[in-house]
Each structure stands twice: as C-alpha cells, then as structure tokens.
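This report refers to the structure that appears directly beneath it.
Lettering follows sequence order; numbering is per chain, from 1. For clarity, every value in this text was computed on a predicted model and none was experimentally measured.
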There are 2 protein chains.
Amino acid sequence: MMDYPLLLKTILYRAVTVFPDQEIVSRDFSGMHRYTYRDLDERVRRLANALASLGVAPGERVASFAWNNHRHLELYFAVPCSQRVLHTVNIRLFREQIVYTVNHAEDKVMFVDEDLVPLIASLAPELKTVRQYVIMTDKRELPDVPLPGAILYEDLLSQHSPDYEFPEFDERSPAVMAYTSATTGDPKGVVYSHRGLFLHCLTCLTGELGVDDDDVTMPIVPMFHVNAWGRPYTDTWAGCKQVYPGARPTPEVLCDLIQEEKVTFSAGVPTIWMGVLQHVLANPGKYDFSHVRYFMSGGAAMPAALTQQFQEKLGVRLLQGYGQTETTPVTFINSLKAKHRRLTGPELYRLRTKTGLLLPGLEMRVVDAEGREVPHDGKSMGELLLRGPWVIDAYYKLPEKSEEAFVDGWFRTGDVVTVDEDGYLQVVDRTKDLIKSGGEWISSVDLENAIMAHPDVAEAAVIGIASEKWQERPLACVVLKPSARGKVTKEDLRRFLEDKVAKWWIPDDFVFIDEIPKTSVGKFYKRALRTQYEQGRLTS
Amino acid sequence: MMDYPLLLKTILYRAVTVFPDQEIVSRDFSGMHRYTYRDLDERVRRLANALASLGVAPGERVASFAWNNHRHLELYFAVPCSQRVLHTVNIRLFREQIVYTVNHAEDKVMFVDEDLVPLIASLAPELKTVRQYVIMTDKRELPDVPLPGAILYEDLLSQHSPDYEFPEFDERSPAVMAYTSATTGDPKGVVYSHRGLFLHCLTCLTGELGVDDDDVTMPIVPMFHVNAWGRPYTDTWAGCKQVYPGARPTPEVLCDLIQEEKVTFSAGVPTIWMGVLQHVLANPGKYDFSHVRYFMSGGAAMPAALTQQFQEKLGVRLLQGYGQTETTPVTFINSLKAKHRRLTGPELYRLRTKTGLLLPGLEMRVVDAEGREVPHDGKSMGELLLRGPWVIDAYYKLPEKSEEAFVDGWFRTGDVVTVDEDGYLQVVDRTKDLIKSGGEWISSVDLENAIMAHPDVAEAAVIGIASEKWQERPLACVVLKPSARGKVTKEDLRRFLEDKVAKWWIPDDFVFIDEIPKTSVGKFYKRALRTQYEQGRLTS
C-alpha cells in the first residue's frame with residue numbers, strides 16, 4: 001500500500017474538488033458573511049503563507065481566541081495543514097488559567113476575535129511567548145484597545161498569495177491542541193495529531209452520525225472546546241452547507257439561524273438545547289423546525305425530560321454523544337439498534353438517555369476496583385477504560401498526571417458506567433464523585449436526579465462525607481426554587497425519596513444553599529462543596 | 001495520541017461487543033446455515049489456533065478457494081487477525097493461472113470448498129508449496145476425490161480451543177492478497193495491508209454507501225475477487241445481518257434470498273443484475289423487492305437501460321461504484337448531490353451512469369498525454385491517476401510491471417476519463433483501447449455503445465487498426481442477434497451511426513463474428529481480437 005499519510009489537508013482537498021460551490025455561512029460582527037468552499041480554500045492558502053511571513057516555524061503553536069466563525073474555520077485548516085499547531089484557547093477559562101495555558105503551550109502568534117480584544121489586552125503583559133496579535137473582524141480599523149503591534153486579519157490575508165502547496169509530513173505530527181477545563185489544579189494540555197483527527201472525523205461520518213451535502217450543519221459547541229467535537233472537519237469532508245453562529249449566540253440567534261438557514265444538524269451541550277427549547281416555547285407559531293434531522297447533545301448527561309420535550313414539542317430528535325477532551329472527543333453515540341426503531345413514548349426516551357454504543361475503531365473495558373471486567377448486564381458498575389487511534393496517551397509536558405490517567409495502554413476516563421446486554425453504555429458517576437458506603441457504591445448523579453425530580457427543587461449536588469462506620473455517607477446540597485424557600489424541609493425531601501431510591505441511599509443530611517458552584521463549562525464543581533464542608537462553611 | 005494500530009481485529013471486536021446476537025446466514029452445501037456474530041467470533045478464534053497447529057508462521061500465505069459463505073468469512077478474519085496472509089485465489093482464472101498464482105504467492109495451506117475439490121485435485125501435483133489441504137463442507141465425510149492428506153474444516157475447528165487472543169502488530173502488515181485478472185501476461189499480485197483495508201472499509205461506511213444493523217447485506221461479488229469489495233469487513237463492522245449466497249448462485253437463488261431474507265443492500269457486477277432483472281420479469285407476481293434500499297453495481301460500466309429498468313420495473317436503485325484490484329477496490333461512488341435528489345426519468349438515469357464522486361481520503365489527477373491536468377468540464381479526456389491509503393504502490397514481486405503502473409507516487413489506472421463541473425468522473429475508455437485517429441481520440445466504448453443500440457446487434461467490440469494516414473482507425477467487430485444474421489449489412493450499420501457519432505468516428509470496416517472473446521471475469525478481451533486481426537483471421 002502507498003505510504004499515504006492521514007493529514008487534514010485531505011479533507012479540504014475533497015471538499016474543494018467535489019463541492020467547490022457549497023456555501024459556508026458565518027455570523028460575522030457586522031452581519032452575515034457568505035462564501036463557498038472554493039473561497040475557503042483560497043483564504044486558507046493565503047493564511048498559510050501569512051503564517052510563514054510571521055515567522056512561525058513548523059511544529060510551533062498558533063493560538064486562536066475566537067468564537068465559531070469562518071475565520072476560525074480558516075485557522076482550523078491553515079495552521080495544521082501548514083505543519084503548525086493550532087492551540088484553541090478556551091475563552092471561558094479563568095484569567096489565570098488562560099495565562100497558564102498560553103504560556104504552557106508557548107504560543108507564538110495569537111488570533112483574537114474583535115470583541116475579545118479587551119480581555120486579551122488586559123492579559124497581554126503576562127503572555128510571555130506571544131510575539132504577534134492578529135485581530136479578526138470585518139471592520140477596516142483596529143479596535144480602540146491598546147494591544148501593541150496588533151494587525152488586522154483581513155489586511156494580513158490580502159497581503160499574501162493564495163499560491164501555496166500544503167506540505168506532506170508524518171501523520172502523527174501534532175495538529176491541534178487544547179486544555180481540559182480542570183476542576184482540580186492547572187488545566188492539562190491535550191495534543192491531537194493529524195492521524196487522530198482524520199480517523200475521528202471519518203468515523204463521525206458513519207452510522208447515525210453521518211452527514212452529507214444535503215445537510216446544513218451548525219456547530220454550537222465552541223470551536224475553542226475539543227475541536228467543536230470535530231464538526232468543522234467532519235462537515236467540510238462531507239461537503240455540508242455550514243453555518244457558524246458567531247459571537248455570544250443567544251437562544252434567539254440560534255433559533256433564527258436554524259429556521260432561516262434550514263439547519264438539519266447541530267451539536268451542543270444540554271444547557272444550549274434547554275435554552276433553545278424555552279425560546280421556541282416562548283414564541284408560539286414563530287418557529288418551524290420540520291427540516292431538522294437531529295441535534296446532537298453531549299458534554300453532560302441528557303435529561304430524559306429534555307429529549308422528550310424536544311420530540312413532542314419541536315418534533316426534533318436529540319441524539320446523545322459521549323467523550324472527553326482526551327478522546328478528540330466522540331467515542332459513544334446513542335444510536336438506536338434495529339430492534340428499537342419502533343419504540344415510542346417513555347420506552348424510547350429512556351433508551352435515548354443511555355450514553356450510547358461504542359463507535360467503530362475503538363476498544364473499551366469496564367473494570368471494578370480490582371481491575372476485573374464487569375459483566376454487560378446493565379447493573380454491574382465499573383470504571384470505563386478506552387483505547388483507540390483518537391485517544392491520547394499522555395498530557396502535554398505533564399508526566400506525573402499522565403501516569404495516573406494512562407495505565408497499560410488504556411485511558412482511565414474516571415467515569416463509572418454500566419453496560420447493558422445490548423452494549424449500551426450508561427455513565428453512572430465520576431469515580432471521584434461516587435460515594436462508597438459500607439462496601440457498596442452510591443451514584444451521586446442518580447441521587448441528584450431523584451432529588452431534582454422534586455417540583456420545588458431547582459438544583460441538587462450530592463457529595464460523600466467521611467463516616468467512621470460506613471466509610472462515606474451522602475450529603476445533599478439543595479437549591480430550592482425561590483417560591484419554596486423556607487417552606488420545604490429536610491423531612492419533606494427525605495419522605496419524597498423514600499419510594500424512589502434504596503433506603504440506604506437516602507442522604508444523612510440535606511443543606512439548603514443559594515447556588516451550586518460551577519466550573520467554567522457549567523458542570524457542578526463538587527470539589528468546592530467538599531472544601532466548604534471541610535472548612536465548616538457548609539452547614540444545615 | 002495512542003500508537004493504536006489499525007488492524008482488522010478491531011472490526012470483529014466491535015461486532016461481537018455491540019451486536020453479538022446479529023445473524024449471519026450462509027447458503028451451505030446441504031442447506032441454509034445460520035449463526036450469530038458471537039458464534040463467528042468463537043469459530044474465528046478456533047481457526048486461528050488451528051492455523052498455528054498447521055505450522056503456518058506469521059506472514060505466511062494461506063489460500064482460500066471458495067465461494068461466498070460463512071467459512072470463507074471465518075478465513076477473512078482468522079488468517080489476517082492471527083498475522084498470516086489470506087490469498088483469495090480466483091477460482092475463475094484459467095488452470096495455468098491458478099497454478100501460477102498459488103506458486104507465486106507460495107501458499108502453505110489451502111482451504112477448498114467441497115465442490116471445487118475436483119479442480120484443485122487435478123492441479124495439486126503442480127502446487128509446489130501447499131503442504132495441507134482443508135476441505136470446507138457441512139458433510140461429515142471427505143469427498144470421494146483423491147487429494148492427499150486432506151482434512152475436514154469442521155474436524156479441524158472442533159479440535160481447537162476458542163481461547164485465543166489476537167496479537168497486535170504493525171498496521172502496515174499484509175492481511176489479504178489477490179491477483180488481477182490479467183488480459184496480458186501473468187496475473188499480477190496485489191497485497192492489501194490491515195491499514196489499507198481498515199481505512200477502505202471505514203470509508204465504505206460513510207455517505208450513501210453507509211449501512212447499519214438495520215440492513216441485511218448480501219455480497220454477490222465473489223469473495224475470491226478483490227475482497228468482495230470489502231463487504232465482509234464493512235458489513236461486519238456495522239453489525240449488519242449478512243447473507244452469503246454460497247456456491248454457483250443462479251439468478252433464481254439470488255432472487256429467492258433477496259426476498260426470503262429481506263436483503264436491503266447487495267453488491268455485484270452488471271451481468272449479475274441483468275440476470276436478476278430477467279428472472280424477476282420472467283416470474284411476474286413472484287417477487288416483491290420493496291424492502292431493498294439499493295444494490296451496488298461495479299466492475300464494469302452500468303448501462304443506462306439497466307438502472308432505468310431496475311428503477312421502473314423493480315423499484316430498486318442501482319448505485320454505481322468504481323475501483324480496481326489495485327485500489328482495494330472502491331474509489332468512486334455515484335452518490336447524488338443534494339441538487340440532484342429531485343431528478344427523475346432520463347435525466348436521473350443519465351446521471352446514474354456517471355462513474356461517480358471521489359470517496360473521502362483519496363486524491364485524483366486527470367492528465368493528458370503530456371502529464372498536464374485537464375479541466376473539469378465534462379469534455380476534456382485524460383488518464384485517471386489515484387493516490388490514497390488504500391491504493392497499492394507496487395505489484396507483489398514484480399518490479400518491472402510496478403514501474404509502469406506507479407509513477408511519482410501515483411497509481412496510473414489506465415482508464416481514460418472526464419470530470420464534469422460537479423466533480424463526477426466518467427470513464428470513457430481504457431488508455432490501451434482508445435483509438436488515436438489523426439491527433440484526436442475516439443472512445444471505443446462510446447462507439448460500441450452506439451453500435452449496440454442497434455436493435456439487431458447483440459454485442460460489439462471496437463479495436464484500433466494501424467493506419468498510415470491517420471495513425472489508427474476503428475474496426476468494429478459485431479455479433480448480430482441470431483434472427484438478423486445474414487440480413488443486416490455493414491452499410492446498414494454505417495447509416496445507423498450517421499446521426500449518432502461524429503462522422504470521423506464511423507468505423508472504416510465492420511466484421512461480423514459469432515462471439516466476442518471474454519476474460520475470466522467477463523470483460524471484452526480485445527487483445528485476442530487484435531491478435532486475430534494481425535494474424536489475418538478476422539476478416540469481413
């Protein structure tokens with residue numbers, strides 16, 4: 001066989017060869033921007049020449065600090081296809097984390113969206129390796145913010161020729177890097193190779209995930225977060241019409257784009273879908289989503305009520321996906337098996353909240369505390385381990401963290417799961433959030449869901465508290481809806497749970513708090529709760 | 001990223017993990033055989049242990065001489081997954097070619113289907129490297145044919161444990177090999193690596209080619225010919241119900257299986273589909289193919305009339321694919337673009353006879369005699385060159401032939417093609433069959449199609465004859481339908497062509513013959529015609 005490397009340039013090559021006139025729509029700062037794959041290809045080549053002129057050597061890092069738009073898409077191709085590495089800086093990290101990741105990655109040039117310039121300008125003195133800032137905007141002028149030596153992206157492109165041939169090199173070369181949204185310690189760097197992204201995105205074209213040039217796709221999941229789940233590459237490969245929703249898209253912006261651009265496929269976290277649902281319901285008669293094939297939901301467990309409401313009120317299927325920053329990210333998809341295709345109502349929604357089936361090309365193991373594989377019976381819990389060509393084997397320049405997470409060639413996901421007889425994975429909890437009570441395991445997630453089913457509860461987080469007798473016991477931290485505050489008691493909640501969970505699962509104590517602390521990506525930040533408890537600040 | 005090799009074992013792993021109870025149906029010698037992926041996996045492991053007991057070392061070749069059935073499928077996995085190489089011997093080659101390929105590949109063990117034992121027994125004295133014959137049958141007794149030391153496949157499997165762990169090794173290791181059905185000289189060996197097959201078959205799960213566990217797939221294209229277009233691996237990966245039609249399947253057998261097993265997807269050459277069509281039309285009311293999604297047609301150009309009749313009389317879409325033994329084989333597929341989805345009638349059928357769009361992961365060039373790329377205008381002709389991870393870069397132990405076919409990292413397909421503005425490839429001719437007349441090219445294939453449109457013509461082949469003035473001029477070799485013999489004249493054909501092709505395309509001469517010589521796979525064997533002409537045996 002030819003020694004033909006699996007490089008990202010192959011994706012762009014096919015798109016422009018087979019679908020040159022397909023459209024890419026981008027919500028730019030002053031209005032909608034439209035062009036074709038042919039235009040994308042030309043601008044990517046200009047940008048590759050520009051990167052050389054900025055003195056970025058092969059293998060060096062180029063940072064993006066940007067929303068989902070066409071310029072970010074150009075960076076997605078130009079940087080790795082010219083053998084440089086794109087560091088998609090997470091704009092939602094805390095300030096000190098942004099500084100840490102840029103310095104840790106040693107980014108040489110940074111491309112910044114117009115509206116994010118003030119934030120970067122305030123951090124610039126601490127970004128030690130960045131030699132050049134490039135401002136991405138559709139305006140002709142630099143924003144009125146002091147960022148020394150900054151230049152305009154459009155000026156840069158116009159100064160360079162589209163005459164550029166992508167080099168060929170080892171497929172294991174780094175292409176993109178990102179940092180985990182750490183809840184403990186500094187964010188950890190993850191490097192994606194051309195080979196890994198190629199195989200991940202090719203696999204994302206198979207089965208129920210598959211899209212084609214009849215699809216209009218809109219990634220809502222940010223391009224600064226785990227490759228926007230690979231959509232920019234996957235959708236380009238398939239020749240889809242692509243829609244990029246731009247800066248700070250509100251539910252209204254998203255709903256309008258879905259309707260006006262006839263979006264058939266989109267991808268985002270459950271919080272986004274919650275917002276979309278509420279906006280549609282608040283504007284009866286305004287939206288018709290009958291052209292939508294499905295929306296993918298990932299990044300957090302999808303509540304059964306959400307998939308049900310999407311189906312029944314909007315006529316849209318929510319398809320659950322699963323993965324981690326360490327896995328490029330997609331590894332499981334909630335495809336329906338042939339025998340499930342005729343399910344309806346509660347049975348269907350229950351199945352759709354399962355995490356999903358393993359994608360082609362990967363291997364999984366589910367092991368108990370002793371490292372033994374647990375049976376696929378839908379009940380036995382164990383930690384999910386993964387192997388595959390788009391799973392990383394170490395964190396970037398972080399050997400000690402890598403030793404914990406990567407063991408004997410497997411990635412320890414830290415997720416406690418079950419697998420049923422049909423092969424459906426169900427994430428039960430994080431290993432570190434699981435409560436070990438008297439030799440048995442209590443799922444904090446299941447318990448939280450049971451509590452949140454109470455009509456007066458807005459949110460609930462359950463943590464394990466040290467117990468001499470039982471090792472650990474659950475403590476429930478509950479946010480009541482404003483109307484119920486001071487009225488609903490611990491005893492009410494205890495009684496409510498009695499016929500819903502095993503008796504020994506019922507928390508020993510409930511504390512009422514105003515808000516659950518959350519991470520930069522909106523997940524419960526349980527470590528903060530544990531610290532508050534240890535410091536005596538969390539009391540009932 | 002993990003250094004996770006792309007091996008065929010990954011395909012079987014997913015199938016048995018996610019779809020253990022899915023069914024595989026095989027038309028065995030004494031009746032239908034049914035089992036599950038779980039059973040397949042167990043027997044593959046037994047077979048891997050058996051191969052070790054037969055003394056086949058890693059990298060050594062194991063020959064199969066068999067039809068499409070479940071034992072052949074077991075060989076497809078057990079041989080390569082245990083790091084040996086499966087040589088799928090083409091049972092339709094001439095006797096001396098079979099001997100040549102087995103000796104050239106140095107096959108150590110040969111697995112032979114029951115009904116093919118007499119043929120192999122007659123060749124056995126010449127097969128110098130084969131140490132052991134294994135007979136594949138559902139009967140308990142060896143066939144009554146002398147094949148020294150032969151043993152029964154089922155006995156062999158029962159003697160070995162299913163306890164076997166597939167080894168891990170370099171993904172570039174050879175997995176399967178095959179020989180081209182050469183029209184000139186000896187067949188040429190082609191070696192497929194694990195990596196090449198993995199990437200080819202993963203890509204065959206994307207776009208319109210994609211199948212899933214709701215599909216019932218039946219490969220009719222032989223497993224002894226270019227990996228049955230990858231279907232055994234592709235369909236296993238997707239967890240399809242698979243149907244194997246067994247030995248010498250007639251159109252009746254195929255039609256019955258399609259109907260009884262509810263086949264939704266199948267793959268075969270146009271001749272097969274012609275037979276299926278005729279059988280259905282000859283048995284009105286017997287067959288209902290409404291459950292079929294589509295049938296794939298490849299290996300030869302698909303006549304427009306065939307796709308039209310399938311659509312209008314059977315309600316089934318024929319999807320054209322394209323490839324070569326050297327390309328694993330699939331490289332182009334006649335997917336409809338979004339804008340074509342509403343086409344009907346002649347416009348649709350004309351589009352469906354185009355060769356197709358390039359699959360993801362590949363690169364193409366279409367070059368004129370000077371090596372310059374020709375425009376994508378649907379008119380400019382050039383030779384198709386291909387690159388990609390499932391394209392070979394040399395023939396097995398045949399350096400001089402490799403130099404001609406593989407130039408500067410590209411495979412020269414030998415096919416003359418056009419590419420239109422939408423990226424659709426159209427094969428016009430073989431480079432060696434193209435007629436170079438007065439500095440212009442005449443497509444022998446187009447000319448043949450024009451002649452075969454005459455109602456009294458059964459078949460026609462056009463060859464180039466040396467001309468002092470024009471370099472070459474076309475000669476048409478025509479087979480008239482029996483009823484027209486002695487009645488239709490050269491002048492009739494000449495007049496018939498006048499308003500159908502350019503005047504200078506009209507053949508200088510027509511000869512009437514009884515039959516067009518064909519290769520082992522049913523293609524026109526024009527070299528034989530040229531030899532006959534040179535020897536003066538082809539005269540009008």
For this session: Identify which part of A:Leu386 has an atom lying under 4.5 Å from any heavy atom of chain B, answering side chain, backbone, both or neither.
Result: backbone
Exercise. Closest approach of B:Pro329 and B:Val226, non-hydrogen atoms and distance?
Worked result: CB-CG1, 3.5 Å
Exercise. Which region of A:Leu357, side chain (C-beta onward) or backbone (N, CA, C, O), has a non-hydrogen atom less than 4.5 Å from a non-hydrogen atom of chain B, or is it both or neither?
Worked result: side chain
Problem set entry | Contacting region of A:Ile11 [heavy-atom separation from chain B under 4.5 Å] | neither
Problem set entry | Side-chain heavy atoms of B:Phe169 within contact of B:Leu7, under 4.5 Å | yes
For this session: Identify the heavy atoms of B:Gly59 and B:Val85 that sit nearest to each other, and give their distance.
Result: O-CG2, 3.6 Å
For this session: Among B:Gly409, B:Gly423, B:Gly196, B:Ala338, single out the residue with the greatest number of heavy-atom pairs under 4.5 Å to chain A.
Result: B:Ala338
Exercise. Who wins among A:Pro360, A:Gly210, A:Pro5, A:Pro20 for the most heavy-atom pairs under 4.5 Å with chain B?
Worked result: A:Pro360
Problem set entry | Nearest non-hydrogen partners of B:Leu384 and B:Met364, listed with the distance | CD1-CB, 4.0 Å
Chain B and chain A: which donor-acceptor pairs fall below 3.5 Å?
{"residue": "B:Met2", "atom": "N", "partner": "A:Val391", "partner atom": "O", "Å": "2.8"}
{"residue": "B:Asp3", "atom": "OD1", "partner": "A:Arg172", "partner atom": "NH1", "Å": "2.3"}
{"residue": "B:Asp3", "atom": "OD1", "partner": "A:Arg172", "partner atom": "NH2", "Å": "3.4"}
{"residue": "B:Tyr4", "atom": "O", "partner": "A:Arg195", "partner atom": "NH2", "Å": "2.9"}
{"residue": "B:Tyr4", "atom": "OH", "partner": "A:Glu363", "partner atom": "OE2", "Å": "2.6"}
{"residue": "B:Tyr13", "atom": "OH", "partner": "A:Met364", "partner atom": "N", "Å": "3.1"}
{"residue": "B:Tyr13", "atom": "OH", "partner": "A:Met364", "partner atom": "O", "Å": "3.0"}
{"residue": "B:Arg14", "atom": "NE", "partner": "A:Leu358", "partner atom": "O", "Å": "2.7"}
{"residue": "B:Arg14", "atom": "NH2", "partner": "A:Leu358", "partner atom": "O", "Å": "3.0"}
{"residue": "B:Val18", "atom": "O", "partner": "A:Lys337", "partner atom": "NZ", "Å": "2.5"}
{"residue": "B:Glu168", "atom": "OE1", "partner": "A:Arg387", "partner atom": "NH2", "Å": "2.7"}
{"residue": "B:Glu168", "atom": "OE2", "partner": "A:Arg387", "partner atom": "NH1", "Å": "3.1"}
{"residue": "B:Glu168", "atom": "OE2", "partner": "A:Arg387", "partner atom": "NH2", "Å": "3.4"}
{"residue": "B:Glu171", "atom": "OE1", "partner": "A:Arg195", "partner atom": "NH1", "Å": "3.4"}
{"residue": "B:Glu171", "atom": "OE1", "partner": "A:Arg195", "partner atom": "NH2", "Å": "2.7"}
{"residue": "B:Glu171", "atom": "OE2", "partner": "A:Arg195", "partner atom": "NH1", "Å": "2.8"}
{"residue": "B:Arg172", "atom": "NH1", "partner": "A:Asp3", "partner atom": "OD1", "Å": "2.3"}
{"residue": "B:Arg172", "atom": "NH2", "partner": "A:Asp3", "partner atom": "OD1", "Å": "3.4"}
{"residue": "B:Arg195", "atom": "NH1", "partner": "A:Glu171", "partner atom": "OE1", "Å": "3.4"}
{"residue": "B:Arg195", "atom": "NH1", "partner": "A:Glu171", "partner atom": "OE2", "Å": "2.8"}
{"residue": "B:Arg195", "atom": "NH2", "partner": "A:Tyr4", "partner atom": "O", "Å": "2.9"}
{"residue": "B:Arg195", "atom": "NH2", "partner": "A:Glu171", "partner atom": "OE1", "Å": "2.7"}
{"residue": "B:Asp213", "atom": "OD2", "partner": "A:Ala338", "partner atom": "N", "Å": "2.9"}
{"residue": "B:Asp214", "atom": "OD2", "partner": "A:Arg341", "partner atom": "NH1", "Å": "2.9"}
{"residue": "B:Lys337", "atom": "NZ", "partner": "A:Val18", "partner atom": "O", "Å": "2.5"}
{"residue": "B:Ala338", "atom": "N", "partner": "A:Asp213", "partner atom": "OD2", "Å": "2.9"}
{"residue": "B:Arg341", "atom": "NH1", "partner": "A:Asp214", "partner atom": "OD2", "Å": "2.9"}
{"residue": "B:Leu358", "atom": "O", "partner": "A:Arg14", "partner atom": "NE", "Å": "2.7"}
{"residue": "B:Leu358", "atom": "O", "partner": "A:Arg14", "partner atom": "NH2", "Å": "3.0"}
{"residue": "B:Glu363", "atom": "OE2", "partner": "A:Tyr4", "partner atom": "OH", "Å": "2.6"}
{"residue": "B:Met364", "atom": "N", "partner": "A:Tyr13", "partner atom": "OH", "Å": "3.0"}
{"residue": "B:Met364", "atom": "O", "partner": "A:Tyr13", "partner atom": "OH", "Å": "3.0"}
{"residue": "B:Arg387", "atom": "NH1", "partner": "A:Glu168", "partner atom": "OE2", "Å": "3.2"}
{"residue": "B:Arg387", "atom": "NH2", "partner": "A:Glu168", "partner atom": "OE1", "Å": "2.7"}
{"residue": "B:Arg387", "atom": "NH2", "partner": "A:Glu168", "partner atom": "OE2", "Å": "3.4"}
{"residue": "B:Val391", "atom": "O", "partner": "A:Met2", "partner atom": "N", "Å": "2.8"}

Problem set entry | Close side-chain approach of B:Val25 and B:Val216, heavy atoms under 4.5 Å | no
For this session: Side-chain contact test, heavy atoms from C-beta onward, threshold under 4.5 Å: evaluate it for A:Val367 versus A:Val374 and give yes or no.
Result: no
For this session: Taking all non-hydrogen atoms of both residues into account, name the closest pair between B:Leu86 and B:Pro80 and its distance.
Result: CB-CD, 4.4 Å
Exercise. Which region of B:Val391, side chain (C-beta onward) or backbone (N, CA, C, O), has a non-hydrogen atom less than 4.5 Å from a non-hydrogen atom of chain A, or is it both or neither?
Worked result: both
Seminar exercise, completed: Applying a strict 4.5 Å limit to non-hydrogen atoms, the region of B:Leu362 in contact with chain A is backbone
Exercise. At their closest point, which heavy atom of B:Gly361 faces which heavy atom of B:Pro389, and how far apart are they?
Worked result: O-CD, 3.2 Å
Exercise. About how many Å separate CG of B:Leu205 and CG of A:Leu205, when rounded to the nearest 0.5 Å?
Worked result: 10.5 Å
Problem set entry | Side chain / backbone / both / neither for A:Leu6 at chain B, heavy atoms under 4.5 Å | both
Exercise. Non-hydrogen atoms of chain B under 4.5 Å away: do they reach the side chain of A:Leu336, the backbone, both or neither?
Worked result: backbone
Seminar exercise, completed: Taking every heavy atom of B:Phe198 against every heavy atom of B:Leu8, the minimum-distance pair comes out as N-CD2, 4.4 Å
